[in-house]
Every structure is written in structure tokens, then in C-alpha cells.
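Below: one structure, written as C-alpha cells.
All residue numbers in this chain count up from 1 along the given sequence.
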Amino acid sequence: MVWIHFRRLRLQKEWVVLPEISSEIFRVSHTPIADFKDKYLKAAIAIGVEDNGKFSPYKPQLLTYSNEPEIIPLEGFPARVGIPRLAIKRLDDSPVHWDVLIEELPETNAQDNLVDEIIKAIMTLFDLDSINSNSGCGDNVQLIPYKRTVECNRNVPILLVPERPKRRALTIKNHGVKDLILGRSAVVDDTTGEITDIGERFEQIPGRKGYDFPSPQGCIYKGNVYVLPKFDGVVEVVEWRKEVIEPSGEAEARGHES
């Protein structure tokens, strides 16, 4: 079971509407709150649609504070209603800050692909580290998933994924209906300094489809990824990066990008 970081946030009295989602099962973890037992902390979490700035929840569920993570299934959302978004809001009036970490469980096929990439990346890490290390021992490493969603606006080319030397796997999912065209470089206007186009195109992702970057001989592409103009929609990016495990103990889960 592979949980992917989705969003870390502070609960508010109004719905906090998050980007478009593709999963239906989530895990919520709570930042510790001192002396919470004398307070009844409660919130609502739901999948729904946003229209003209107003969120309409579908079968919202009650969420209460706990020292342990809680798995929240939000299944059965009717696709014809609109683009599904996850939202959460606070229901109590206790004068304390309440922060949560939300993770999602990918669909079966996506999860299987991620697991395959992790296995290949780990094998690669052991091979490379054993060669590069003077002691002949591999580094103590782990792979951390970083997930974020990007809303692309028509006619504005953007840098979707910056260069990352520690990248070990990369998946990009097109949540829009039009083809998503990616490039390795950008064309910059000499006068304004703005990106006007992309160069060296290398992948085209159809609408509602995903693309796992290949890793020939265990080497994944680590450079920039740009989006061609004239694309309007939501793009989901999941990167797996190599991180050194801190010797004093397991580090707090990274992946705070959104």
C-alpha cells in the first residue's frame, strides 16, 4: 500500500477546496495538540464540486481529532456531476490551531506502476552507490514521493517540473481533455524575459491519461519539463526522489509541495 502526499493544511471555518483529485480513499493525520481531551474538535471532509466559488459536498463525513491516522473512504461520487475536488472545513469553535496532513491512495493501476518504479529505482541506487562509495557500502537512503497539482492557463507556457538531480521516478497525469505536450526547454522573449513557447518537444499525453517517464538502464530524465501553450487544465505531478535517512531516527515525512 503506497500513500502519496496530497496536502498539509490548517483547518478553517469555511470549506478549503483542494485541487482536482483522482483517488477516492484518503488518510488524515493530525499535528499533535496539547490538552485536546477537554476540547471537542470536529470537522467535515467531502468530495464535491465547486461552482462560481461555492463548494457543494457529496455525502460529507465527520472528522474528529485523534492521535492516530484515520483512513477516510469517499467513494461513489457520480462522475457526471463535474470535476471532483476534495474539501475540508472545521465545525468547532475551540481556540486552538488544527493542522492535518492528507494523503491519498492511488488507483490500483497507478499504485502498481509506482511500486514498479520504486523497485527499479532501489535496484539502481544499490548499484550506483556501491560503485561510487569509497567504502564499498551503499548509502542509507529511502525514496520519498512528492506530489502536486498545477492549474495551467491557456496561452501561458509554464515550467511544470524543474530540474532535480535526486529524481528517481516521475509520473505526469493529464486531468484535462486536450492533449498535453511537454518539452525539455523553453523559448524566452529577449525583451520581456517571459516564456513564449517550448523547444525540443518529447512527449504528448492524451486527455485523462498519465505518463510514466522511462528509465533506460536505470537512469530517469532529471531535467526541466515545460508545458506547451494553449493547454488549459489540471496536471498532476508525482516525483520520487532519493533522500538520505537521518541517523538519529526516521525523519518527518517530506513532500510538503502542493
Between [X] and [Y], is any pair of side-chain heavy atoms under 4.5 Å apart?
| X | Y | answer |
| --- | --- | --- |
| Arg8 | Asp99 | no |
| Val28 | Phe6 | no |
| Val237 | Tyr146 | no |
| Lys89 | Pro60 | no |

Taking it one step at a time, do Val150 and Val227 satisfy side-chain contact (heavy atoms from CB on, under 4.5 Å)?
-> CA-CA 11 Å; Val150 179; Val227 174; over 6 Å; no

Could you check whether any side-chain N or O of [X] sits under 3.5 Å from a backbone N or O of [Y], counting only pairs where one atom can act as donor and the other as acceptor?
| X | Y | result |
| --- | --- | --- |
| Asn224 | Glu163 | yes |
| Ser66 | Glu68 | yes |
| Gln61 | Pro73 | yes |

Atom pairs and distances, side-chain donor-acceptor, residues 203-211, under 3.5 Å, sequence neighbours left out:
from: Glu203; atom 1: OE1; to: Tyr211; atom 2: OH; distance (Å): 3.3
from: Gln204; atom 1: NE2; to: Asp179; atom 2: OD2; distance (Å): 2.6
from: Arg208; atom 1: NE; to: His175; atom 2: O; distance (Å): 3.4
from: Arg208; atom 1: NH1; to: Glu20; atom 2: OE2; distance (Å): 3.0
from: Arg208; atom 1: NH1; to: His175; atom 2: O; distance (Å): 2.7

Decide whether a cation-pi geometry holds between Arg184 and Tyr221; the criteria are a distance under 6.0 Å from NZ or CZ to the six-membered ring centre and an angle within 45° of the ring axis.
-> yes

Using 30° and 60° as the class limits, which term best fits the ring planes of Phe55 and Trp15: parallel, tilted or perpendicular?
-> tilted

For [X] and [Y], work out which heavy atoms get closest and say how close.
| X | Y | result |
| --- | --- | --- |
| Tyr40 | Asp92 | O-CB, 3.4 Å |
| Trp3 | Pro145 | O-CG, 4.3 Å |
| Tyr58 | Ala46 | O-CB, 4.2 Å |
| Arg10 | Gln12 | O-NE2, 3.3 Å |
| Arg90 | Trp98 | NH1-CB, 3.6 Å |
| Ser23 | Ile47 | O-CD1, 4.2 Å |

Tell me whether [X] shares a hydrophobic cluster with [Y], the cluster being built from Ile, Leu, Val, Met, Phe, Trp, Tyr side chains joined at under 4.5 Å.
| X | Y | result |
| --- | --- | --- |
| Ile181 | Val234 | no |
| Phe202 | Leu180 | yes |
| Leu9 | Ile33 | yes |
| Val100 | Val96 | yes |
| Val49 | Phe26 | yes |

Starting at [atom1] of [X], measure out to [atom2] of [Y] and round the result to the nearest 0.5 Å.
| X | Y | atom1 | atom2 | result |
| --- | --- | --- | --- | --- |
| Lys222 | Arg164 | NZ | CZ | 13.5 Å |
| Leu91 | Lys13 | CG | NZ | 6.5 Å |
| Leu18 | Thr149 | CG | OG1 | 8.5 Å |
| Ile220 | Leu170 | CD1 | CG | 6.0 Å |
| Lys173 | Asp212 | NZ | CG | 11.0 Å |
| Asp51 | Ile83 | CG | CD1 | 11.0 Å |

Glu14 atom CD, over 12 foreign heavy atoms within 6.0 Å | no

Give the intermediate values and the outcome of side-chain contact (heavy atoms from CB on, under 4.5 Å) for residues Arg167 and Val161.
-> CA-CA 11 Å; Arg167 182 184 300 151; Val161 187; 3.2 Å; yes

Please step through side-chain contact (heavy atoms from CB on, under 4.5 Å) for the pair Leu11 and Leu41, ending with a clear verdict.
-> CA-CA 11 Å; Leu11 272 61; Leu41 305 179; over 6 Å; no

Does the pair Leu105 and Arg27 meet the rule for a side-chain contact (heavy atoms from CB on, under 4.5 Å), with working shown?
-> CA-CA 8 Å; Leu105 185 66; Arg27 182 171 67 179; over 6 Å; no

